[in-house]
Amino acid sequence: MASKSDWLAIDWSQPNDVIAAKMGVKLHTIYTYRAKLGKTVKPKPRKVDWSQADWSKNNTELARDLGLAYDTVAKKRWELGAPAAASKAKRKDIGTKKPQCAPHSNAGQIMATEAAKLSPLAGKFASNVQAVDWWLISPDGTEYKFKNLYEFVRQNPHLFAPADTVFKRTGGKRGTGGEYCNATAGLLNVKAGKAKAWKRWTLKPSTSNYNQPD
């Protein structure tokens, strides 16, 4: 286990995932120590030569190789028009009377899920059809304008307590529902008018370019 002097010697200008890899700990641990030591300055984004990326790999493999988040790789794949890593699967339901009911035939569902993750309308991007305009004021008075609340929280975990950015799924033990975390749930309550603020985060009064809280 790293000592206090080890944590103090870290170059906190590095991205959280890079520090986690060097220290051999989980990202949650880095968030905790960054807050505890007052190292709250947002790390500088890493420079990546995307022209050298091996797009034959899937997003998970590329994210691991480049030391980036899955969402970052998925978004860049879409922006660059890079080919999807998954090869076209051969149909296994030919000759089946009701292929939609064929047992153990979930390949189509897997492909559909991967396609949805890359879609600018269904994926975890600002262009998601469920995204709405936001104009938030943080506890220290800083204003943030963005389109997608979930994307904002994922890309700025240092603005919140570590426990408030742990994403979970609704739907009980099966976890078949949508994702949420304490930060998104609290801010959505403010957006819906159920609360005036969440942990001193408030909404900026609406303008012609930003939606009024529901």
Within the structure provided, determine whether [X] and [Y] are in side-chain contact (heavy-atom separation under 4.5 Å).
| X | Y | value |
| --- | --- | --- |
| Leu203 | Leu136 | yes |
| Thr32 | Pro162 | yes |
| Ile30 | Val25 | yes |
| Leu159 | Tyr144 | yes |

Do Phe167 and Tyr180 make the cut of ring centroids closer than 6.0 angstrom? no
Determine, stepwise, if the pair Asp65 / Lys57 fulfils side chain to side chain contact (heavy atoms under 4.5 Å, CB included). CA-CA 10 Å; Asp65 292 349; Lys57 296 182 177 181; 2.5 Å; yes
Does the distance from a Lys or Arg side-chain N to an Asp or Glu carboxylate O, for [X] and [Y], drop under 4.0 Å?
| X | Y | answer |
| --- | --- | --- |
| Arg154 | Glu151 | no |
| Lys204 | Glu143 | yes |
| Asp164 | Lys199 | yes |

In sequence, state the C-alpha distance, the side-chain angles, and the governing distance for Lys76 and Leu62, and then conclude on side chain to side chain contact (heavy atoms under 4.5 Å, CB included). CA-CA 11 Å; Lys76 185 58 66 173; Leu62 264 180; over 6 Å; no
Criterion side chain to side chain contact (heavy atoms under 4.5 Å, CB included) on Ile137 and Trp201, from CA distance to verdict: CA-CA 6 Å; Ile137 303 176; Trp201 283 83; over 6 Å; no
Answer with yes or no whether the hydrophobic clustering places Tyr31 together with Val166; edges join I, L, V, M, F, W, Y residues whose side-chain heavy atoms lie under 4.5 Å apart. no
Is there a path from Leu27 to Leu68 through hydrophobic residues (I, L, V, M, F, W, Y) whose side chains come within less than 4.5 Å of each other? no
Using the six-membered ring wherever Trp is involved, compare the ring planes of Trp198 and Phe160 and label them parallel, tilted or perpendicular (cut-offs 30° and 60°). tilted
Ignoring hydrogens and angles, tell me if any N or O in the side chain of [X] forms a donor-acceptor pair with the backbone of [Y] under 3.5 Å.
| X | Y | answer |
| --- | --- | --- |
| Lys36 | Arg34 | no |
| Tyr150 | Glu179 | yes |
| Asn58 | Glu61 | yes |
| Arg77 | Trp55 | yes |

Could you tell me the separation between the [atom1] atom of [X] and the [atom2] atom of [Y], rounded to the nearest 0.5 Å?
| X | Y | atom1 | atom2 | value |
| --- | --- | --- | --- | --- |
| Phe146 | Asn156 | CZ | CG | 8.5 Å |
| Asn16 | Thr29 | CG | OG1 | 11.0 Å |
| Phe152 | Lys145 | CZ | NZ | 13.5 Å |

Where is the tightest heavy-atom contact between Ala74 and Asn59, given as atom of each residue plus distance? CB-ND2, 3.7 Å
Where Asp11 and Ile19 come nearest, the two heavy atoms and their spacing: O-CD1, 3.9 Å
More than 12 non-hydrogen atoms from neighbouring residues, nucleotides or ligands closer than 6.0 Å to NZ on Lys22, yes or no? no
Less than 6.0 angstrom from the centroid, inside 45 degrees of the normal: does Lys147 satisfy that with respect to the ring of Trp134? no
